[in-house]
Amino acid sequence: MTTTVIIIIFLAIFATSLHNARGATMEPCLESMKTASLPDLPYAYDALEPAISEEIMRLHHQKHHQTYVTQYNKALNSLRSAMADGDHSSVVKLQSLIKFNGGGHVNHAIFWKNLAPVHEGGGKPPHEPLSSAIDAHFGSLEGLIQKMNAEGAAVQGSGWVWFGLDRELKRLVVETTANQDPLVTKGSHLVPLIGIDVWEHAYYPQYKNARAEYLKNIWTVINWKYASDVFEKHTRDLDIN
C-alpha cells in the first residue's frame, strides 16, 4: 500500500470520526465508517466581529465547509462501491477527491475550534506549559505570530498556515500546506495546534486582497486555550522545552 493511499484512508477515518460524541475509536474499515456531518459552531456567526464578519462566517461555514462535507461523503460512497467491485482504476481516481474534500472537512473542523469571541477568551495568550515552549522555540509569542503571518502571506494560491507540535523532533513548528491538505499529510508525527485558513473565501468579502491584514487581525480571536489544551495532552510523555 502506497503512502498516498495510507494518507487517504487516514483522512477518511479521521473526518468521519470527528463528531463521535463518545470519542470511541472507529474500526479502520470502510464498512464501519459513518458519513461526515457539518459541525455546529461553538459561537454565533457575528461573535468574531470585527476581526471576521458575520457574512464571511456564514458563507464559510454554511456554504464552503458544507460543500466539503457533501463532496467527501459522495466520494466515500463511491470508494466503497469501487472497492467492493474491485474497480482499482476508480479507487485511484477517487483518492484526490477524498483527500481534498476530506481534508477540507478536517481542517475546518479544527479551524472553528481555533477561534473564540473576545469575551470568551479569544486573543488571550496561551497558558503554561505552551507559553514557555513558544518562548523557547520562537523567542516570544510575538515572534511566533510574526512567523505565522509571514508564512501565511507567502502561501501561493490557496492553503493553510499551521502552528504545530512535532512529536518526533520534540519541538514546535510552523508549516504551510497547499489547498486543503491537512498538517498530517506532512507527517503523522505532526499535531495541529493552530491552523489558519488562507484561502480567499476565508477573508475576501471583508478584506479583499489584503491577506496580510486578515492575518494580523485574526489573532484577536485565536483560541489559545484550545491550543494549550491540545499541546498539554500530546506532551505529557515528552520533554519539549
Side-chain angles (χ1 to χ4, degrees), residues 1-16 18 36 52 56 59-61 63-76 79 91-115 144-169 171-216 218-219 222 227 230:
M1 185 177 292
T2 67
T3 300
T4 300
V5 173
I6 292 172
I7 290 173
I8 296 302
I9 293 175
F10 174 84
L11 284 174
I13 295 168
F14 186 24
T16 53
L18 278 170
I52 306 177
I56 286 179
L59 287 171
H60 203 170
H61 180 250
K63 301 298 183 181
H64 293 282
H65 191 172
Q66 180 62 69
T67 297
Y68 296 129
V69 169
T70 300
Q71 295 303 316
Y72 167 76
N73 287 336
K74 287 175 60 178
L76 185 60
L79 180 62
V91 169
V92 172
K93 290 178 182 178
L94 286 164
Q95 289 182 23
S96 60
L97 284 174
I98 292 176
K99 181 182 179 183
F100 179 78
N101 291 292
H105 174 46
V106 168
N107 289 348
H108 283 85
I110 294 172
F111 184 57
W112 308 134
K113 295 175 183 178
N114 282 163
L115 304 173
L144 167 63
I145 291 174
Q146 289 178 1
K147 183 171 178 59
M148 288 275 287
N149 288 353
E151 295 281 347
V155 170
Q156 295 184 359
S158 303
W160 291 73
V161 58
W162 300 94
F163 169 50
L165 167 67
D166 187 325
R167 284 183 50 84
E168 190 174 88
L169 296 180
R171 63 172 292 108
L172 297 173
V173 296
V174 171
E175 297 278 356
T176 60
T177 55
N179 300 312
Q180 290 297 348
D181 290 1
L183 184 58
V184 70
T185 59
K186 288 200 164 185
S188 59
H189 54 283
L190 296 174
V191 178
L193 303 178
I194 296 289
I196 299 178
D197 189 348
V198 293
W199 279 65
E200 283 193 345
H201 66 232
Y203 61 87
Y204 195 86
Q206 181 178 357
Y207 292 95
K208 305 308 179 195
N209 64 342
R211 182 192 287 180
E213 191 68 14
Y214 157 72
L215 288 167
K216 174 185 175 182
I218 199 172
W219 294 102
I222 287 294
V230 174

Taking side chain to side chain donor-acceptor pair (under 3.5 Å) as the test, write out the residues that go with Asn114, two or more places apart. none
Answer whether the closest heavy-atom distance between the side chains of Ile98 and Tyr72 falls below 4.5 Å. yes
Partner residues of His65 under the side chain to side chain donor-acceptor pair (under 3.5 Å) criterion, sequence neighbours left out: His105, Trp112
Can you find a pair of side-chain heavy atoms, one from Leu115 and one from Ile218, that are under 4.5 Å apart? yes
Set out, in order, the CA-CA distance, both residues' side-chain angles and the distance that settles side-chain contact (heavy atoms from CB on, under 4.5 Å) for Thr185 and Lys99, then state yes or no. CA-CA 10 Å; Thr185 59; Lys99 181 182 179 183; 4.1 Å; yes
Gap between atom NZ of Lys186 and atom OG1 of Thr176 - 0.5 Å precision: 4.5 Å
Quiz: residues 199-208 side-chain donor-acceptor pairs under 3.5 angstrom, not counting sequence neighbours:
residue, atom, partner, partner atom, Å
Trp199, NE1, Asn179, O, 2.9
His201, NE2, His60, NE2, 3.2
His201, NE2, Asp197, OD2, 3.2
Tyr203, OH, Arg211, NE, 3.2
Gln206, OE1, Ser53, N, 2.8
Gln206, NE2, Pro50, O, 2.9
Tyr207, OH, Ala51, O, 2.6
Tyr207, OH, Asn217, ND2, 3.2

For Ala75 and Leu97 the tightest heavy-atom approach is CB-CB, 4.1 Å
All side chain to side chain contact (heavy atoms under 4.5 Å, CB included) counterparts of Thr67, not counting sequence neighbours: Gln71
Roughly how far, to the nearest 0.5 Å, is the CG atom of Asp181 from the CH2 atom of Trp160? 11.5 Å
Taking every non-hydrogen atom, the tightest pair across Trp162 and Pro182: CZ2-CA, 4.3 Å
List the residues meeting side chain to side chain donor-acceptor pair (under 3.5 Å) with Tyr68, not counting sequence neighbours, and say none if there are none. Gln180
Considering only distance and modelled atom types, tabulate donor-acceptor pairs under 3.5 Å from the side chains of residues 150-159, sequence neighbours left out.
none

Non-neighbouring partners of Glu213 that pass side chain to side chain donor-acceptor pair (under 3.5 Å), sequence neighbours left out: none
For Glu175 versus Leu183, what's the shortest heavy-atom pair and its separation? CB-CD1, 3.8 Å
Straight-line distance of Asp166 CG to His189 NE2, nearest 0.5 Å: 4.0 Å
Rounded distance [0.5 Å steps], CZ in Arg167 versus OG in Ser188: 10.5 Å
Hey, does Leu172 have a side-chain heavy atom less than 4.5 Å from the side chain of Leu193? yes
For Ile145 and Met148: C-alpha separation, side-chain torsions, deciding distance, then whether side-chain contact (heavy atoms from CB on, under 4.5 Å) applies. CA-CA 5 Å; Ile145 291 174; Met148 288 275 287; 5.6 Å; no
